[in-house]
S.K.: 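Sharing a structure with you now.
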Number of protein chains: 4
Amino acid sequence: MSHSRVRKAEVVSEFRRAQLLEAARESFGQLGLAGTTVDDIARRAGVAKGTVYLYFKSKADILEHAMLVDHTRLRDETVPLITGDGPLVDRLTAFLAAGLVFVDQNRGFFEHVHFEMGRDMRKRTLQQLERIFHDQVHAWRTALTRARRRGEVGRDLSPAAAAQTIVALASGLAKQRIRGWLPGPVDRIAATTSATIWRGLAAR
Amino acid sequence: MSHSRVRKAEVVSEFRRAQLLEAARESFGQLGLAGTTVDDIARRAGVAKGTVYLYFKSKADILEHAMLVDHTRLRDETVPLITGDGPLVDRLTAFLAAGLVFVDQNRGFFEHVHFEMGRDMRKRTLQQLERIFHDQVHAWRTALTRARRRGEVGRDLSPAAAAQTIVALASGLAKQRIRGWLPGPVDRIAATTSATIWRGLAAR
Amino acid sequence: MSHSRVRKAEVVSEFRRAQLLEAARESFGQLGLAGTTVDDIARRAGVAKGTVYLYFKSKADILEHAMLVDHTRLRDETVPLITGDGPLVDRLTAFLAAGLVFVDQNRGFFEHVHFEMGRDMRKRTLQQLERIFHDQVHAWRTALTRARRRGEVGRDLSPAAAAQTIVALASGLAKQRIRGWLPGPVDRIAATTSATIWRGLAAR
Amino acid sequence: MSHSRVRKAEVVSEFRRAQLLEAARESFGQLGLAGTTVDDIARRAGVAKGTVYLYFKSKADILEHAMLVDHTRLRDETVPLITGDGPLVDRLTAFLAAGLVFVDQNRGFFEHVHFEMGRDMRKRTLQQLERIFHDQVHAWRTALTRARRRGEVGRDLSPAAAAQTIVALASGLAKQRIRGWLPGPVDRIAATTSATIWRGLAAR
DNA sequence: AATGAATGAGCCTTCATTCAT
DNA sequence: TATGAATGAAGGCTCATTCAT
């Protein structure tokens, strides 16, 4: 019974954390990082200000955890798509689309947060993003190397360069999507972009 | 004579503004947006804090003007490259390289400033960037359309999609360069990336 | 039986109070008054924060009781020494030594607590100390009057003034001992000081 | 003229500091250290809260400077009295009186402040006080050694022990005066105390 | 009796902006 | 024009105390 009480407390605690993170994401998304006060977060979560500090040790800590959720999701929703087994061009399309979908689902949060972090926070955030970036590049290099062996991509293609190009392109698309410069259905954008770099620009 | 006095006053005034903007860019670059105080800027410019407010109406105003300088430069250093008259692939390489060079030259400023702007400031900034982005896309679409007519690029290529892809790619490369994830000489990066999308990924 | 149950409850209750007071003294001694949180006290006593409030009505209340223990001890360890029956000079030495020993044994607590009390608490504390002070002065006056009658001290000595002098001196020594400005064995300090005022400074 | 302007600014600045210190001493004296807010100090000085931080870098800094004034005065008002050239017993009386006068003039401030300082502040304060204490003891030892040579005090008196006794006694008197346990005119208290230890307690 | 999550008042400090000189 | 002292709003954080379980 003491066991179940511990469990219950843990569950409640986790719930509060999630509740606060949700409130924080909402507030950050609407008011920006600087515009959000701890009071805001508390109010949205329906608790008193002091309560926030029972679950997170500072405002920065809240942000860090809020972002961690995103980063985990971002990786999980993109990397596996690269190492699938369909035709490479389809995987490329899916990869580009996934990045755009992710952005669409987190627009408010991204719009502000990635732009207002302080020095140290940004450092830590970028380290996390760098790992994701490296994972994506690595996965693409592997996929391209195999595809070249199978004759699916050009013999003279540099898998390393191409991998980096793809990831940079996905990142560029996402950025422009966040900013609203890339309207329209995600699938169409992904498909045409994918087609463009798949075939190349040059006449043949 | 009253005329020349006005002139002189204007010149002095312009000088002060430039001096303050330079100090601001330096401080923003080193300390970030939130980390920079109006006092910092004044001190670096060698004037008193109150003087700053004779030339700019707020801290946000300083930032806005500091960015305007950048945006003007960014446009001037990229758009003309697209509408040149060498082979399209060379222009593409030059375009990608120019974006990276620009980033390299303003790294400190970008690193911080683009990440810390408040709501309204970011809005205005993005509007400016959007215009540059549109100009770039437009220039590429024109260039690609002509190139297609000349048979320089594939018949079935969509100039609109390709233009957007190129610009997104340039933007993605720039972003990763800022973050330090794209080390090495700018020219090599531009050349290999350009080659990749020029030839395309697909075997032929 | 209901009687014995009440008794048992009382005993347990007293035990808890003592346990909490001990924890409080420890914490006050190490972290100071302001540096000690109710949580600290609870943790050291191995109970939950709320429990503290079952035994004391506030942090100030804890402090008050913690000091009461001290004051009782201080009185019990000094006043009886004055009204003994050995030679007066020996009683003086013993009295001075007792004050120093007391300080040595409670250094941590004194170091902080006497310096950080709030208004009201200090008022109450000083009232308690004043009683001890008066008791000491009174005891000394009585002892000196008797000693004068016996010809043990100078005929022209004012018992009242001398009593106050002795107590002030003891208090001054204690203060300097707390501050670490009076190193060395307690007995030696007490003996030399005692000798000094016993013989007086003047040549004879 | 620029010279005189600098001067004027300095004078104004010093005036403000003094004004703030006075307000702080007043507030600390009335409300205690913890009870005094920076707002209190500002209000008493007739300035805005932010202004306080133009002259002192923190609340602790204010306290430190407020105490420095005291310590300087305490030393200057006591040490010179010891090394005068009148009869030693008169110097002793003057010394004891000076300590009591000092306390009387700063009662409110002392009452609170010395009792509520935080760890570090108290450490620094005590270091300053220790120097004063040492200076006093040293001066007395010198004075007593000379007096012994002149046959003014007993041949067998230990100057070191006697010096420490005197200083401890002065400190004890001051402490009790602060606490209100030593009412009456300062001169009388000093005279009788001085007489008591000058003649000694012992019958002769 | 015991718990510990929740509360919220309160305080120090920063800094963009103003204004008297 | 230039100065820089003065302002005061605003926000992150602590912690004594309460209360539902």
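Order of the sequence lines sets the chain letters (A, B, ...), proteins ahead of strands, with each chain counted from 1. Worth knowing before you read on, the calculation uses all heavy atoms, side chains too, and leaves out hydrogens, waters and symmetry mates.
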S.K.: For dG11(F), give its Watson-Crick or G-U wobble partner with both distances under 3.5 Å, or none.
M.R.: dC12(E)

S.K.: Looking at dA16(E), I'd like to know if its phosphate oxygens (OP1 or OP2) sit under 4.0 Å from a side-chain N or O belonging to Ser58(B).
M.R.: no

S.K.: From C-beta outward on Tyr53(B), which listed nucleotide comes closest to its side chain: dT18(E), dT7(F), dT7(E)?
M.R.: dT18(E)

S.K.: Side chain of Lys49(A) only, please: which of dT7(E), dG10(E), dA6(F) is the nearest?
M.R.: dG10(E)

S.K.: What's Val47(A) touching, base or sugar-phosphate or nothing? Going by heavy atoms closer than 4.0 Å.
M.R.: sugar-phosphate

S.K.: Identify which nucleotide among dC12(E), dA6(F), dT7(E) has an atom closest to any side-chain atom of Val38(D), counting heavy atoms from C-beta outward.
M.R.: dC12(E)

S.K.: For Gly46(C) and Asp39(B), take the nucleotide of DNA chain E holding the closest heavy atom to each; which residue's nucleotide lies nearer the 5' end?
M.R.: Gly46(C)

S.K.: Looking at dA2(E), I'd like to know if its phosphate oxygens (OP1 or OP2) sit under 4.0 Å from a side-chain N or O belonging to Arg16(C).
M.R.: yes

S.K.: Give the rounded distance in Å between these two atoms: CG of Leu20(B) and C1' of dA2(F).
M.R.: 12 Å

S.K.: Now, which nucleotide makes the Watson-Crick or G-U wobble pair with dA1(E), with each of the two distances under 3.5 Å?
M.R.: none

S.K.: Is Thr36(B) touching bases, backbone alone, or none of the nucleic acid, heavy atoms closer than 4.0 Å?
M.R.: sugar-phosphate

S.K.: How long is the line joining CZ of Arg43(A) and P of dG11(F), in whole Å?
M.R.: 10 Å

S.K.: Send over the distance from Lys59(D) NZ to dT13(E) C1', rounded to a whole Å.
M.R.: 12 Å

S.K.: What distance separates Glu64(B) CD from Lys57(B) NZ, expressed to the nearest 0.5 Å?
M.R.: 7.0 Å

S.K.: What nucleotide, of dT7(F), dC12(E), dC13(F), holds the atom closest to the side chain of Ala48(D)?
M.R.: dT7(F)

S.K.: With a 3.5 Å limit on both atom pairs, tell me what dA2(F) is paired to, counting Watson-Crick and G-U wobble, or say none.
M.R.: dT21(E)

S.K.: Measuring from the side chain of Tyr55(B) (C-beta onward, heavy atoms only), which nucleotide among dG4(F), dT13(E), dA2(F) has the closest atom?
M.R.: dA2(F)

S.K.: How do Thr51(A) and Ser13(B) order along DNA chain F: which one's closest nucleotide is nearer the 5' end?
M.R.: Ser13(B)

S.K.: Base, sugar-phosphate, or nothing: which does Thr37(D) touch, judged by heavy atoms less than 4.0 Å apart?
M.R.: sugar-phosphate

S.K.: With Leu21(B) as reference, evaluate Ile41(B), Ile62(B), Leu63(B), Leu68(B) under the side chain to side chain contact (heavy atoms under 4.5 Å, CB included) test and give the passing residue.
M.R.: Ile62(B)

S.K.: Can you tell me if Asp40(D) uses its side chain to pair, donor with acceptor, with the backbone of Thr36(D) under 3.5 Å?
M.R.: no

